[in-house]
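Structure, as structure tokens:
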There are 2 protein chains.
Amino acid sequence: MTQPLPLSQLLCFALYSASHAVQASYKPLLDRMGLTYPQFLVLTLLWETDDQPMSRLAQALQLESNTLTPMLKRMESAGFLTRSRDAQDERQVRLRLTEKGLGLRAEATEIPACFLAQSGLDPTTIRSLTDEIATLRDRLRAAQT
Amino acid sequence: MTQPLPLSQLLCFALYSASHAVQASYKPLLDRMGLTYPQFLVLTLLWETDDQPMSRLAQALQLESNTLTPMLKRMESAGFLTRSRDAQDERQVRLRLTEKGLGLRAEATEIPACFLAQSGLDPTTIRSLTDEIATLRDRLRAAQT
DNA sequence: TAAATGTAAATCGTGCGCGATTAAATCGCA
DNA sequence: TGCGATTTAATCGCGCACGATTTACATTTA
């Protein structure tokens with residue numbers, strides 16, 4: 001048996017604290033647009049593909065209706081998107097960007113670049129780090145059977 | 001200008017989703033002990049050094065009193081630790097492990113090892129990944145002036 | 001020593017995340 | 001065709017996170 005690691009050397013804490021630090025660094029930029037960080041993630045998906053069912057966002061973000069439903073309602077009231085039942089399958093809720101939601105795209109997609117600058121790391125390092133973390137995440141999800 | 005990246009290639013989302021995946025993989029083990037994930041982080045710090053002021057935990061976790069106060073009260077009611085005002089400086093709240101809190105140490109410090117096994121990554125990779133993520137976090141915090 | 005300054009927790013409100021449950025629509029199959 | 005099983009959202013409760021403010025105590029300084 002090895003000695004227990006201190007918090008500062010735990011991968012779980014590195015991820016936890018880094019994720020919070022990233023959200024904090026995004027915050028001033030998102031505030032100007034009236035977005036929270038998870039809402040920014042939702043819009044990022046809709047900027048890639050507009051008019052998606054909620055179930056697809058849930059899949060991509062690994063979030064469930066108990067998180068997404070109230071969040072999307074707030075985004076609808078704020079005027080970023082519309083929610084409407086699919087005519088073919090009334091169980092599904094389809095999400096569509098409004099003009100306001102579309103209008104934020106150019107400004108918002110600059111944020112990851114600002115973030116990269118703030119981090120002081122070069123793009124290649126950022127890319128490989130992203131891949132390694134995504135691989136870890138996918139393996140954990142797969143093990144979660 | 002480069003093209004905007006899809007969500008799946010954003011470092012911020014990799015961190016966000018991996019952090020959630022790690023917490024999900026810890027959950028069944030923590031549930032058995034009656035702990036939440038942030039509570040496990042608090043205990044990890046107290047297992048390293050018992051009898052700390054709340055301000056030191058706040059510094060280590062980068063959390064503030066608005067998060068920690070209610071959380072520590074819950075942990076106190078659950079019997080994991082005690083909270084008491086420091087006699088020398090009545091502004092401070094000192095945290096001490098109870099027998100129950102101490103008793104979880106051996107079992108809980110095994111969790112990161114289980115996690116490592118689940119991840120399917122070798123210890124060396126885990127360590128360098130942890131370091132890289134911590135470096136990124138620290139640079140972002142430093143830029144956050 | 002009294003007033004100004006600084007520091008540590010606590011409090012309040014809002015928005016996630018998620019377990020558990022419910023409701024409604026669709027699908028599958030006898 | 002009809003009825004059980006499945007799928008999709010919605011709802012409810014609780015525990016973080018965090019901005020903003022307040023309270024209590026300590027320290028500095030006039």
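By convention in this document, chain letters (A, B, ...) are assigned in the order of the sequence lines, proteins followed by strands, and residues within each chain are numbered from 1. Keep in mind that the numbers below use all heavy atoms, side chains included, and drop hydrogens, waters and symmetry copies.
Rounded to whole Å, the distance from CG on A/Leu57 to P on D/dT8 is 13 Å. Rounded to whole angstrom, the span from the CD atom of B/Gln52 across to the C1' atom of C/dA9 amounts to 17 Å. We find that CG of B/Leu68 is positioned 14 Å from P of C/dA8, with the value rounded to whole Å. Between B/Met54 atom CE and C/dT7 atom C1' the separation is 13 Å, expressed in whole Å. Between the CG atom of A/Asp89 and the C1' atom of C/dC27 there is a distance of 10 Å, rounded to whole Å. Rounding to whole angstrom units, CZ of residue A/Arg85 and C1' of C/dA25 are separated by 9 Å. One interatomic measurement links the two molecules: CG of A/Leu30 to C1' of C/dG15, which rounds to 14 Å at whole-angstrom precision. Distance CG (A/Asp86) to P (C/dA25): 13 Å, rounded to an integer number of Å.
The shortest distance between side-chain heavy atoms of B/Arg137 and A/Phe13 falls below 4.5 Å. For the pair A/Thr69 and A/Met54, the minimum side-chain heavy-atom distance is below 4.5 Å. Inter-residue side-chain proximity for B/Thr36 and B/Leu30 is flagged as unmet; no heavy-atom pair is nearer than 4.5 Å. Side-chain atoms of B/Leu57 and B/Leu41, non-hydrogen and from C-beta on, never get closer than 4.5 Å to each other. Between A/Trp47 and B/Pro4, the closest side-chain pair of non-hydrogen atoms is not below 4.5 Å. Residues A/Glu107 and A/Met33 form a side-chain contact, since some pair of their non-hydrogen atoms from C-beta on lies under 4.5 Å apart.
Heavy atoms of A/Gln88 sit under 4.0 angstrom from primed sugar atoms or phosphate atoms, though from no base atom. Residue contacts shown for A/Arg94 are absent, as no nucleic acid heavy atom lies under 4.0 Å away. Across all strands, B/Arg56 comes closer than 4.0 Å to no nucleic acid atom at all (heavy-atom distances).
In the set D/dC25, C/dA10, D/dA10, the nucleotide with an atom closest to the side chain of A/Val93 is D/dA10.
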Reading nucleotides 15-20 of chain D from 5' to 3' and marking B where a protein heavy atom lies under 4.0 Å of the base, S where only the sugar-phosphate is that close, and - otherwise, the string is SSBBBB

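Here the shortest heavy-atom pairing between A/Pro70 and A/Ser65 reads CD-O, 3.7 Å.
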